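Computed from a predicted model, the values in this text were never measured in an experiment. Hydrogens, waters and symmetry mates are skipped; everything else that's a heavy atom, side chains included, is used. Numbers restart at 1 for each chain; the letters A, B, ... are given by sequence-line order, proteins then strands.
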Amino acid sequence: MTVRVRFAPSPTGTLHLGGARTAIYNWAFARRNHGVFILRIDDTDPERSTPENTAQIIRSLRWLGLDWDEGPEAGGNHGPYFQTQRARNYTAALERMKATGHAYPCFCSADELAAKRDLTRTTGATSGYDRTCRALPADEVARRLSAGEPHVWRLAVPLERGPVGFSDAVRGETEFPIESIDDFVLVRSDGTPTYNFATVVDDADMEITHVIRGDDHLANTPKQILVFEALGRKTPVFAHLSMIWGADGKKLSKRHGATSVEAYRDMGYLPEALLNYLALLGWSLDGETTIVSADVLTSSFSLERISKNPAIFDPEKLEWMNGAYLRGMTASAFVDAMAPWLIEAGLTTGEDIDARRPWFESIVPLIQERVRRLDEVAEKVAFLFADPVLSAEATDKALRADGASAALRAARDVLDEVDFDAASIEEALRTVPEAVGVKPKTAFQAVRVAVTGSTVSPPLFESLEVLGKEATLRRIDAALSQL
RNA sequence: GGCCCGUUCGUCUAGCGGUUUAGGACACCGCCCUCUCAAGGCGGAGAUCACGGGUUCGAAUCCCGUACGGGCUACCA
């Protein structure tokens, strides 16, 4: 049997971290089992669903490196892949359930229902709706229906069935008393399906074999199993993922900082790193390995190694991981990754990068080990693009130190004479401290500040090589003239 | 209120009855490397496995209860 899984976001907002992790697990599970990964848009909430959100979700998924075999932009023979376009499937399913007595019309008003709810809650009863309309005589039902009286369609929970149990792939055996399951609404008075109905109809029609989704649906599962059964369809395997929390142990939300995938992209995170981090937030390869590539994930992912407890999102570990991925990139890939950030900062243009590609690749070793996010790059390499303005602090600290100006003058003289490669530059500058009688640090920091404008910079000798002799001497002269 | 789920270092986790003085990673501390900052190497501190009962020769691992946290209980998803 071919594994068929789906990620079914409702386009009521951006793709957030929790949704992304669910998508990743579904995708990895499908790939690992040579199955089919389906993207379905659950847009049954007309109030909050928008095409913009759908587009944004798709963009985020693609950015993360996920691909789907069926769904928007991919096609497939189980479509359409938007719930709002599958109305006839829900109608057909409801007809089937009416015919078999698994669904019945309910004419209760919203006020009546609210009153009943309050009552059942105070009496400690377990089921929500009291099933008043389920007991209506057939002729009365027929009369009110033909009179056009507003009504919803409810599931007739088979009380005689006994407890609804299932073996969750993550949580194990789980069982719900049949009395605790409500005769919930399948189809609203306006004819549209509710989530618990539409999802089952679609999962059945799309022949979904494994439903991997958020923990918030665990209690919905017995309801959905009842619908699968009423429809005469095989129930899929369920796997419920626990939530992702913020540092305070509360559901991740804006209060904890960025929650959308695109926000992380915009903060300079690599998709590979976010994918890796999210994958490990609730799943482990072996308990030892922390760097897990997409390839490893899609060849090793298993439901058994998903953890049951909620995970707290740790931005610091994500940042560390992003740095690890950044360090692992080739110079060429790094240039591609940082290009938008350099352009955005106004340091260069796309044309310039294309024209001087080797030079741009030569600056990569200067910064690759020093950044954890792409948004840190521009500030670190800015000195390569424009002469720095020396801050008062840096000047006082490095240029006005004892012996600094003499060292700087000496450095200028030796640099003028040398071939401008890092090794030669180092050899030349290493003679300065002794010649002038200062500590190496004093001499090097003076040059660093004169050339980069800061007491903190990439390695000095390599930086000078990349900068070039002309700019280096010009900056040293400028600094000397200020002393 | 009812039903259901969860609980191992600050955080993510390994562990699936004895191999455990509970392992790894992030963060933290120290040392080394060193032209600054990083990166890297080495070492350290950090978990009475929520608590209380059982079962067993033996429990973080199995069972029950309690506490705490969470989910569902909508004509939201």
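As judged by a 4.0 angstrom heavy-atom cut-off over every strand, Glu319(A) is placed among residues making no nucleic acid contact. Using a 4.0 Å heavy-atom criterion, one finds that His240(A) contacts no nucleic acid atom at all. No engagement by Lys397(A) is indicated, since no non-hydrogen atom pair under 4.0 Å with the nucleic acid exists.
G1(B) and U73(B) make up a base pair, with Watson-Crick or G-U wobble contacts both under 3.5 Å. Both distances falling under 3.5 Å, in either a Watson-Crick or a G-U wobble arrangement, occur for no nucleotide opposite U20(B). Base pairing analysis places G65(B) opposite C51(B); the two distances defining the Watson-Crick or G-U wobble pair are each below 3.5 Å.
G23(B) sits 13 Å from C49(B) when the C1' atoms are compared, rounded to a whole Å. U13(B) and C31(B): their P atoms are spaced 33 Å apart (whole Å). Comparing C12(B) with C57(B), their C1' atoms are spaced 36 Å from each other, to the whole Å. Taking atom C1' on both G46(B) and C28(B), the two are 9 Å apart, rounded to the nearest angstrom. Nucleotides A14(B) and G6(B) are separated by 14 Å at their P atoms, to the nearest Å. Comparing the same atom, P, in U66(B) and in G2(B) gives a spacing of 12 Å after rounding to whole Å. One C1' atom belongs to G30(B), the other to C5(B), and the distance between them is 43 Å to the nearest Å. Spacing between A59(B) and G18(B) at atom P, rounded to whole Å, works out to 11 Å.
If you take NE2 of His217(A) and P of A77(B), they are 10 Å apart, rounded to a whole angstrom. The CG-P distance, from Leu218(A) to C72(B), rounds to 11 Å in whole Å. Between the CD atom of Glu179(A) and the P atom of C3(B) there is a distance of 10 Å, rounded to whole Å. Computed from coordinates, the Tyr325(A) OH to C26(B) P distance equals 14 Å when rounded to whole Å. As rounded to whole Å, 13 Å separates atom P of C72(B) from atom CD of Gln224(A). Nucleotide G6(B) holds its P atom 16 Å from the CG atom of Asp216(A), rounded to whole Å. For the pair Asp248(A) CG and C68(B) P, the computed distance is 19 Å after rounding to whole Å.
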Protein and nucleotides 74-76 of chain B: nitrogen or oxygen contacts under 3.5 angstrom:
from   : atom 1 : to        : atom 2 : distance (Å)
C75(B) : O2     : Ser189(A) : N      : 3.1
C75(B) : O2     : Ser189(A) : OG     : 3.0
C75(B) : N3     : Ser189(A) : OG     : 2.9
C76(B) : OP2    : Arg188(A) : NE     : 2.0
C76(B) : OP2    : Arg188(A) : NH2    : 2.6
C76(B) : O3'    : Arg188(A) : NH2    : 3.2
C76(B) : O2'    : Asp45(A)  : OD2    : 3.0
C76(B) : O2'    : Arg48(A)  : NH2    : 3.3

Which parts of nucleotides 30-52 of chain B does protein reach within less than 4.0 Å, heavy atoms only, written one letter per nucleotide 5' to 3' as B for base, S for sugar-phosphate only and - for none? -----BBBBSS------------
Using a 4.0 Å heavy-atom cut-off, write out nucleotides 7-16 of chain B from 5' to 3' as B (base contacted by protein), S (sugar-phosphate only) or - (no contact). SS--SBSSS-
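Closest to the side chain of Lys223(A), from the set A77(B), U73(B), C5(B), is U73(B).
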Take Asp182(A) and Val157(A) through the side-chain contact (heavy atoms from CB on, under 4.5 Å) test and state the conclusion after the steps. CA-CA 7 Å; Asp182(A) 194 18; Val157(A) 172; over 6 Å; no
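Within the structure, salt bridge (Lys or Arg N to Asp or Glu O under 4.0 Å) contacts touching residues 191-202 of chain A (residues at least two apart or in different chains) are Arg40(A)-Asp202(A), Arg86(A)-Asp202(A).
With respect to Asp215(A), the salt bridge (Lys or Arg N to Asp or Glu O under 4.0 Å) criterion is satisfied by exactly one of Lys308(A), Arg171(A), Lys251(A): Arg171(A).
Between the side chain of Asp42(A) and the backbone N or O of Thr199(A), no donor-acceptor pair lies under 3.5 Å. Judged by distance alone, the side chain of Glu173(A) and the main-chain N or O of Gly165(A) form no donor-acceptor pair under 3.5 Å. Checked by atom type and distance alone, the side chain of Thr192(A) never pairs as donor or acceptor with a backbone atom of Arg188(A) at under 3.5 Å. In this structure, Trp153(A) contributes its side chain and Gly191(A) its backbone to no donor-acceptor pair below 3.5 Å.
Applying the salt bridge (charged side-chain N to carboxylate O under 4.0 Å, His left out) test to Glu369(A) and every residue at least two apart in sequence or in another chain returns nothing.
Rounding to the nearest 0.5 angstrom, the gap separating the OG1 atom in Thr235(A) from the CZ atom in Phe166(A) is 10.0 Å. Rounding to the nearest 0.5 Å places CD1 of Ile57(A) at 7.0 Å from CZ of Phe7(A).
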Show which side-chain atoms of residues 12-21 of chain A pair as donor or acceptor with protein atoms under 3.5 Å away, not counting sequence neighbours.
from     : atom 1 : to        : atom 2 : distance (Å)
His16(A) : NE2    : Gly19(A)  : N      : 3.3
Arg21(A) : NH1    : Leu281(A) : O      : 2.7
Arg21(A) : NH2    : Ser242(A) : O      : 2.4

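A salt bridge is absent between Arg430(A) and Glu427(A): the closest approach of a Lys/Arg side-chain nitrogen to an acidic carboxylate oxygen does not fall below 4.0 angstrom.
Counting heavy-atom neighbours within 6.0 Å of Asp402(A) CG, excluding the residue itself, gives a total of 12 or less.
Between Asp215(A) and Thr174(A), the residue whose closest nucleotide on RNA chain B is further toward the 5' end is Thr174(A).
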